[in-house]
Amino acid sequence: MSEQALSRRIEQRFAAWGRILRFAGVAIVGTLSPSTYNSATRQVVQKQIYFTAWEIFPGFIALAATVSWLLSSIVVHVARDFGLFDYALEVIIRVLVLEILPFTTVLFVALRTSAAINTEVALMKINNELEALRLSGVDPVTYELIPRVIGGTTSVLALTAVSTVGALLVSNVVVYDAWMFAMPSEDFAHTVGKVLDAPTLVLLGIKTMAFGLAVTVIPIGEALETPQKLFHAPISVLRGMVKLFFAIMFIELGALAVSYA
Amino acid sequence: MMATSLETDVAMLASGVEFIWAANDDERMQAIADHRDAGLVSATLPLRANLTVLENIAIVPEFRDGMNSRAALGRAWSLLEKVGHTACAHQRDPDLDNRERFLAKLLRAIVGAPPVILIERPGLLLPDFNYPLLLDATLLSLEGHYRSCRIVDYAWNAPLYPRPASRTSN
């Protein structure tokens, strides 16, 4: 590849990310604007939450509980072998609650919902549906796109919150042999309070919010750049998913660096 | 470029209908460009695929005018009743035939109450029908719901439309 072609390619990559960031800005402003919320957009938000979070809720919770149970059991077993049982709960919270579950949640939503959003918006662009809406007096960004960002982000936040609370309940059972909904022991409460202090919770909240924005903004931003030719639809989804993967890794590594560096 | 001409020598029963005869594609495009404030009904402006016919029509007053969902759906339903096609109200675009799809697009344009409705290339929208007569009957049933209507068609299709003489002889 010639130097000129390489520089053009790098320039195109930056321009693509620039357009996604611009859409992220539009989406955030739209989310905070009261004028976005009317009965039409609320219905789109509800549908998005239903398809992203509610429809998968039982299966997702079963998966999160199983992962929590397995990992907690492994940590407790290994900690006992090494005489480090006192640290088992702290390790479980740091690894499972703060890292693995939010990461698993976002991957789950990315595989299930982001690919679908990318495909749907790309087809809307290709079929000229967005332009048809605009010419009818319906702003497609406010009606079709921003509600997907709101619904998707809310879903990631909700699923992460539920799975982490579930993981804490499971770890209480595994570490202390307590009943599932028994009052936690003083040790448990002390360790949870120590690990999940305010700065850690704020960082977890920011990371989860960034995950939520990424799984919606990136597929939509990529789909909006799709040329109006049907054979570009799979290319758009492929590009969107690759960008999303790198964004998720970037957010996760960034959060780890802030926590432990 | 003067792209279009208004033709009145056509005997449509529906009132407020004018014709723009385009000699070629450039003139057709110019006619559309000249009517930026029109409610455009075109084969290139599809319905929203994951909404039903009723929702496609109702979304305009609901979103644009802040009408509540029930009232907007009621208004869309009453328009579908006017044209006698409530049976397709809960169907989505892929399940519609060309006439139902055209009616949905026309009602979506009408419900927005633009100063003029612009139907472009009706032959492309209604390929399996005697479209001049169908257009006339549809617009007649919707009289009072639109202010004026312009039909953009190619000049070579003009003979397909009813002439004053044929109307009188009928």
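Note that the coordinates shown come from a computational prediction; the quantities given were computed from them, not determined experimentally. Here is how names work: the chains are called A, B, and so on, in the same order as the sequence lines, proteins then strands, and each is numbered from 1.
Annotation: the span from B/Leu47 atom CG to A/Leu133 atom CG amounts to 10.0 Å, rounded to 0.5 Å. Here the CD atom belonging to B/Glu62 is positioned 5.0 Å from the CD atom belonging to A/Gln43, to the nearest 0.5 angstrom. Note that OH of A/Tyr143 is 7.5 Å distant from CZ of B/Arg48, once rounded to the nearest 0.5 Å.
With a 4.5 angstrom heavy-atom cutoff, B/Ile57 does not touch chain A via any of its atoms. Heavy-atom distances place the side chain of B/Arg108, and not its backbone, under 4.5 Å from chain A. Contact annotation for A/Asn38: only side-chain heavy atoms (C-beta onward) come within less than 4.5 Å of a heavy atom of chain B.
With a 6.0 Å radius and a threshold of 12 heavy atoms from other residues, nucleotides or ligands, B/Arg101 has its CZ atom above the threshold. Atom CG of A/Leu230 is surrounded by 12 or fewer heavy atoms from other residues, nucleotides or ligands within 6.0 Å. More than 12 non-hydrogen atoms from other residues, nucleotides or ligands lie less than 6.0 angstrom from CZ of B/Phe129. Atom CE of A/Met241 is surrounded by more than 12 heavy atoms from other residues, nucleotides or ligands within 6.0 Å. Heavy-atom neighbours of A/Gln228 CD from other residues, nucleotides or ligands within 6.0 Å: above the threshold of 12.
Annotation: residues 69-89 of chain B contacts chain A through B/Ser69 [non-hydrogen atoms, separation under 4.5 Å].
Scanning both residues, B/Pro46 and A/Asn127, for their nearest heavy atoms gives CG-O, 2.9 Å. Residues A/Val138 and B/Val60 come closest through the heavy atom pair CG2-CA, 4.0 Å.
Considering only heavy-atom pairs separated by less than 4.5 Å from chain A, the leading option among B/Thr44, B/Leu40, B/Ile59 is B/Ile59. Of the listed residues (A/Glu131, A/Arg42, A/Glu144), the greatest number of heavy-atom pairs within a distance under 4.5 Å of chain B belongs to A/Glu144. Here B/Ala49 is the residue among B/Ala109, B/Ser42, B/Ala49 with the most heavy-atom pairs under 4.5 Å with chain A.
Side-chain atoms of B/Asn50 and A/Glu120, non-hydrogen and from C-beta on, do get closer than 4.5 Å to each other. For the pair B/Phe63/A/Thr41, a side-chain contact is recorded, criterion being any heavy-atom separation below 4.5 Å from C-beta on.
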